[in-house]
Amino acid sequence: MPALFTVSDPSRVALEGPSGGVVEELLNPRPGDHARSPRGILSRCHSGTPQGDLQAGVHRPILIDHRLMMAAFLPLESGMEKSMQSVSIAEIIRDDTPLENEVVTVKGWVRTRRDSKAGLSFINLSDGSCFTPLQLVVPGELSNYSSEVLKITAGASIIATGRLVPSKGKGQNLEMQVDSIEVVGWVDDPETYPIQPKAHSFEFLREMAHLRPRTNTFGAVARIRHCMASAVHRYFHDNGFFWIHTPIITANDCEGAGEMFRVTTLDPADPPRDEQGNVDFSKDFFGRQSHLTVSGQLSVETWCMALGKVYTFGPTFRAENSNTSRHLAEFWMIEPEIAFADLADDAALAEDFLKYIFKAVLEEQPDDMKFFNDRIDKGCIERLERFVDSEFVRMEYTEAISILEKAVESGEKFDFPVKWGIDLQSEHEKYLTEKHVDGPIIVVNYPKDIKAFYMRMNDDERTVAAMDVLAPGIGEIIGGSQREERIDVLDRRIAEMGLEIDDYWWYRDLRRYGSVPHAGFGLGFERTIIYATGMANIRDVIPFPRTPNSAEF
RNA sequence: UCCUCCGUAGCUCAAUUGGUAGAGCGAGCGGCUGUUAACCGCUAGGUUACUGGUUCAAGUCCAGUCGGGGGAGCCA
């Protein structure tokens with residue numbers, strides 16, 4: 001049964017003009033008007049501008065504050081009386097909720113139960129819709145009070161109906177005075193239920209990956225992750241990009257970017273052999289060796305050369321034996337690619353994009369961010385706010401090296417020696433972004449010998465048009481480049497790197513037929529979540545982490 | 001892959017020089033209470049990761065295996 005959306009507060013909806021500024025005219029939807037989506041209401045209520053313009057993107061409805069959107073549109077379940085509606089706790093606990101004194105039904109999992117011998121019990125209930133649990137006040141007069149309510153333990157699933165009233169206690173504004181409560185699923189053997197109402201180590205919870213979503217931290221991470229993923233798509237969509245679903249299975253190792261996972265249907269115990277005794281992959285499913293993708297970049301470049309502005313956002317796989325808090329064997333990567341663009345355009349996109357998604361997190365998930373700020377990483381909100389407000393410093397690689405060399409002369413100690421031609425180490429990146437600038441930096445034009453073959457050769461023939469975005473507290477957050485669009489230069493680079501030119505025939509074709517300058521970058525989604533939340537380990541910002549020796553769930 | 005630290009109750013951790021296995025939380029029972037990291041009392045709960053060795057005696061020392069954390073490299 002599809003939900004209906006009803007206008008509750010029409011004053012909070014505004015129009016954005018084509019240049020991004022807010023247009024003066026406000027929409028004027030009628031309170032009580034309803035449709036199957038907020039956009040439907042906006043379209044219907046839009047009277048000042050022709051409908052065609054709205055659809056053409058000349059004007060598009062936006063909401064000045066995403067939280068206010070939730071306040072402006074009240075979803076109702078079709079065919080149900082408001083007094084009996086099933087609602088999410090997020091709707092109940094938000095400011096100026098219209099649900100006060102209404103009778104509603106909530107469904108969720110018990111966090112804690114506390115009994116009062118005054119003849120009532122308190123149950124903290126979470127349904128996952130928001131950080132804050134709802135307090136249920138369960139009177140002892142309920143028929144199943146002693147037979148069931150007093151036996152409810154952490155983790156049990158329940159459905160409760162009652163009136164939402166101002167709380168007599170501290171810690172919450174509204175609570176539910178329960179009229180009826182139904183236990184849907186009991187906790188079998190409460191003593192061994194792993195998620196107790198106490199602090200657990202993240203290491204322990206990783207071994208309980210199927211139950212850790214029920215904790216404060218992992219619920220908050222999941223909502224932040226969703227918020228950021230939505231913001232990624234919204235940013236690109238609003239800026240005219242198309243999402244390209246590049247393949248997971250790939251038959252070329254074009255980038256040579258480390259170890260790949262093999263995809264095969266051959267029998268590992270008895271594979272077909274050729275005359276030399278080697279495994280004969282022509283008999284394999286795809287008639288050749290195939291692997292899981294390590295990057296969608298080369299594939300997405302082909303679509304960039306037709307659609308102009310494109311991006312990928314999907315899973316990526318690396319079979320490297322990396323055991324660190326920043327590496328996963330399966331992670332999600334975001335890779336935009338823009339045509340008729342150079343490195344400066346690429347850098348500008350990276351800066352605008354990062355600021356947008358971090359701003360979205362701050363505005364849309366304030367309760368979850370407050371939790372991270374209070375309990376996980378003190379100061380992470382201020383760090384994000386400063387990031388969003390900062391101007392990214394642009395710096396040449398050559399300049400970065402001379403800054404580091406001067407730092408060494410002034411007594412700064414690095415484990416790795418600094419000299420032109422090296423790749424910047426973590427310690428070097430930290431010095432630049434934390435001590436020298438104290439803010440985000442985009443380092444550009446790296447030596448060609450430490451970068452990939454597809455990056456565009458600069459006129460000095462020593463450097464390529466590569467860039468890294470460095471941020472305080474995390475180091476490299478984005479790596480990108482302008483791509484080599486000149487077929488002769490590209491061929492030379494492929495040869496220099498000892499790569500097999502025939503493997504790149506379709507990639508080279510892009511340079512033979514209507515080649516244009518283009519650029520793009522790659523962003524590890526989980527690393528971005530780490531930066532926003534202050535979570536220390538990347539295994540705790542993805543639902544089911546895959547690392548060497550670990551794929552239990 | 002390298003360096004380093006760790007593995008004791010359902011969870012978080014103690015256990016002196018090698019000398020009887022402990023606490024808090026959680027769970028069960030009881031008391032108290034519009035409670036919210038509740039509080040008070042009692043009870044249950046252990047092959048100290050595994051295998052072998054040294055010793056009168058091993059959670060503790062030694063060797064190996066497995067698992068995990070942190071750092072490095074690779075990278076996103």
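Note that these values count all heavy atoms, side chains included, but never hydrogens, waters or copies made by symmetry. Small disclaimer: the values here were computed from a predicted structure and weren't measured. Within every chain, numbering begins at 1; the chains are lettered A, B, ... in the order of the sequence lines, protein sequences first and strands thereafter.
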Without hydrogens or angle criteria, can the side chains of [X] and [Y] be said to hold a donor-acceptor pair below 3.5 Å?
| X | Y | answer |
| --- | --- | --- |
| Q482(A) | H518(A) | no |
| E337(A) | Y311(A) | no |
| D127(A) | S88(A) | no |
| T463(A) | N458(A) | yes |
| T161(A) | T105(A) | yes |
| E335(A) | S295(A) | yes |
| S481(A) | Y446(A) | no |
| R114(A) | T112(A) | yes |

Rounded distance in Å between the [atom1] positions of [N] and [M]:
| N | M | atom1 | value |
| --- | --- | --- | --- |
| G69(B) | C32(B) | C1' | 42 Å |
| C62(B) | C2(B) | C1' | 24 Å |
| U47(B) | A9(B) | P | 9 Å |
| G59(B) | C66(B) | P | 24 Å |
| A44(B) | G22(B) | C1' | 16 Å |
| U1(B) | C25(B) | C1' | 40 Å |
| A23(B) | C56(B) | P | 33 Å |
| U60(B) | U54(B) | P | 15 Å |

Length of the line joining [X]:[atom1] and [N]:[atom2], which is rounded to integer Å:
| X | N | atom1 | atom2 | result |
| --- | --- | --- | --- | --- |
| N216(A) | A37(B) | CG | C1' | 11 Å |
| N549(A) | G68(B) | CG | P | 6 Å |
| I152(A) | U35(B) | CD1 | C1' | 16 Å |
| M260(A) | C75(B) | CE | P | 15 Å |
| L205(A) | C11(B) | CG | P | 11 Å |
| E207(A) | G68(B) | CD | P | 8 Å |
| I195(A) | U12(B) | CD1 | P | 11 Å |
| F204(A) | G7(B) | CZ | P | 17 Å |

### Task
Quick one: label L328(A) by what it contacts on the DNA or RNA (base, sugar-phosphate, nothing), any heavy atom closer than 4.0 Å.
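Base contact - L328(A) has a heavy atom under 4.0 Å of at least one base atom.
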### Message
Taking any heavy-atom pair under 4.0 Å as a contact, classify F331(A): base, sugar-phosphate, or nothing.
### Response
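Base: the residue F331(A), judged by heavy atoms under 4.0 Å, touches a nucleobase.
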Identify each atom pair where a protein N or O and an N or O of nucleotides 22-25 of chain B are less than 3.5 Å apart, giving names and distance.
none

### Query
What stems, by residue range, does RNA chain B take part in, given at least 3 consecutive Watson-Crick or G-U pairs under 3.5 Å?
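Stems for RNA chain B, defined as runs of 3 or more consecutive pairs: B:1-7 with B:66-72, B:10-13 with B:22-25, B:27-31 with B:39-43, B:49-53 with B:61-65.
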#### Entry: Backbone of L298(A) reached by a side-chain donor or acceptor of T302(A) within 3.5 Å
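Answer holds: no.
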Dump the pairs, protein N or O against N or O of nucleotides 30-34 of chain B, anything under 3.5 Å, distances to one decimal.
unit_1	atom_1	unit_2	atom_2	d
U33(B)	N3	D115(A)	O	3.0
U33(B)	O4	D115(A)	O	3.0
U33(B)	O4	K117(A)	N	2.6
G34(B)	O6	K168(A)	NZ	3.4
G34(B)	N1	E175(A)	OE2	2.6
G34(B)	N2	Q135(A)	NE2	3.0
G34(B)	N2	E175(A)	OE1	2.4
G34(B)	N2	E175(A)	OE2	3.1

Between the protein and nucleotides 44-49 of chain B, list every N/O to N/O distance that falls short of 3.5 Å.
none

### Task
Would you mind telling me which of F331(A), F313(A), Y531(A) makes a ring pair (Phe, Tyr, Trp, His ring centres under 6.0 Å) with F525(A)?
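That would be F313(A); it is the only one of F331(A), F313(A), Y531(A) passing the ring pair (Phe, Tyr, Trp, His ring centres under 6.0 Å) with F525(A).
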### Message
My understanding is that only residues two or more places apart in sequence, or in another chain, count here; which of them pass salt bridge (Lys or Arg N to Asp or Glu O under 4.0 Å) with K359(A)?
### Response
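Once residues adjacent in sequence are excluded, K359(A) has no partner under the salt bridge (Lys or Arg N to Asp or Glu O under 4.0 Å) criterion.
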### Message
According to salt bridge (Lys or Arg N to Asp or Glu O under 4.0 Å), who are the partners of R394(A), at least two apart in sequence or on a separate chain?
### Response
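Result, salt bridge (Lys or Arg N to Asp or Glu O under 4.0 Å) vs R394(A): E351(A).
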### Message
For R113(A) and M333(A), find the nucleotide of RNA chain B closest to each by heavy atoms; which residue's nucleotide sits nearer the 5' end?
### Response
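Nearest nucleotide further toward 5': that of R113(A).
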#### Entry: salt bridge (Lys or Arg N to Asp or Glu O under 4.0 Å): pairs with one or both residues in residues 444-458 of chain A, sequence neighbours excluded
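Sorted pair list: K451(A)-D468(A), R456(A)-E485(A).
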### Message
Strictly by salt bridge (Lys or Arg N to Asp or Glu O under 4.0 Å), give each pair with a member in residues 147-164 of chain A just once, sequence neighbours left out.
### Response
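For residues 147-164 of chain A, and leaving out neighbouring residues, there are no salt bridge (Lys or Arg N to Asp or Glu O under 4.0 Å) pairs at all.
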Table please: side-chain donor-acceptor pairs of residues 535-546 of chain A below 3.5 Å, with sequence neighbours left out.
unit_1	atom_1	unit_2	atom_2	d
N537(A)	OD1	R539(A)	N	2.9
R539(A)	NH2	T324(A)	O	3.3
D540(A)	OD1	R206(A)	NE	2.9
D540(A)	OD1	R212(A)	NH1	3.2
D540(A)	OD2	R206(A)	NH2	2.7
R546(A)	NH1	F553(A)	O	2.9
R546(A)	NH2	F553(A)	O	2.4

### Task
Not counting sequence neighbours, which residues clear side-chain hydrogen bond (donor to acceptor under 3.5 Å, both in side chains) with E396(A)? List them please.
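Counting only residues at least two positions away or on another chain, E396(A) forms a side-chain hydrogen bond (donor to acceptor under 3.5 Å, both in side chains) with N445(A).
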For nucleotides 70-73 of chain B, print each protein N/O atom paired with a nucleotide N/O atom at under 3.5 Å, atom names and distance only.
unit_1	atom_1	unit_2	atom_2	d
G70(B)	OP1	N537(A)	ND2	2.8
G70(B)	OP2	N537(A)	ND2	3.2
G71(B)	OP2	S325(A)	OG	3.2
G73(B)	OP1	Q425(A)	OE1	2.7

### Query
What closest approach, in Å, do E484(A) and L490(A) show between heavy atoms, and which atom pair accounts for it?
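Nearest pair, atom of E484(A) first, then L490(A): CG-N, 3.8 Å.
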Show which side-chain atoms of residues 415-427 of chain A pair as donor or acceptor with protein atoms under 3.5 Å away, not counting sequence neighbours.
unit_1	atom_1	unit_2	atom_2	d
W420(A)	NE1	T398(A)	OG1	3.0
E427(A)	OE1	D415(A)	N	2.9
E427(A)	OE2	D415(A)	N	3.0
E427(A)	OE2	F416(A)	N	2.7

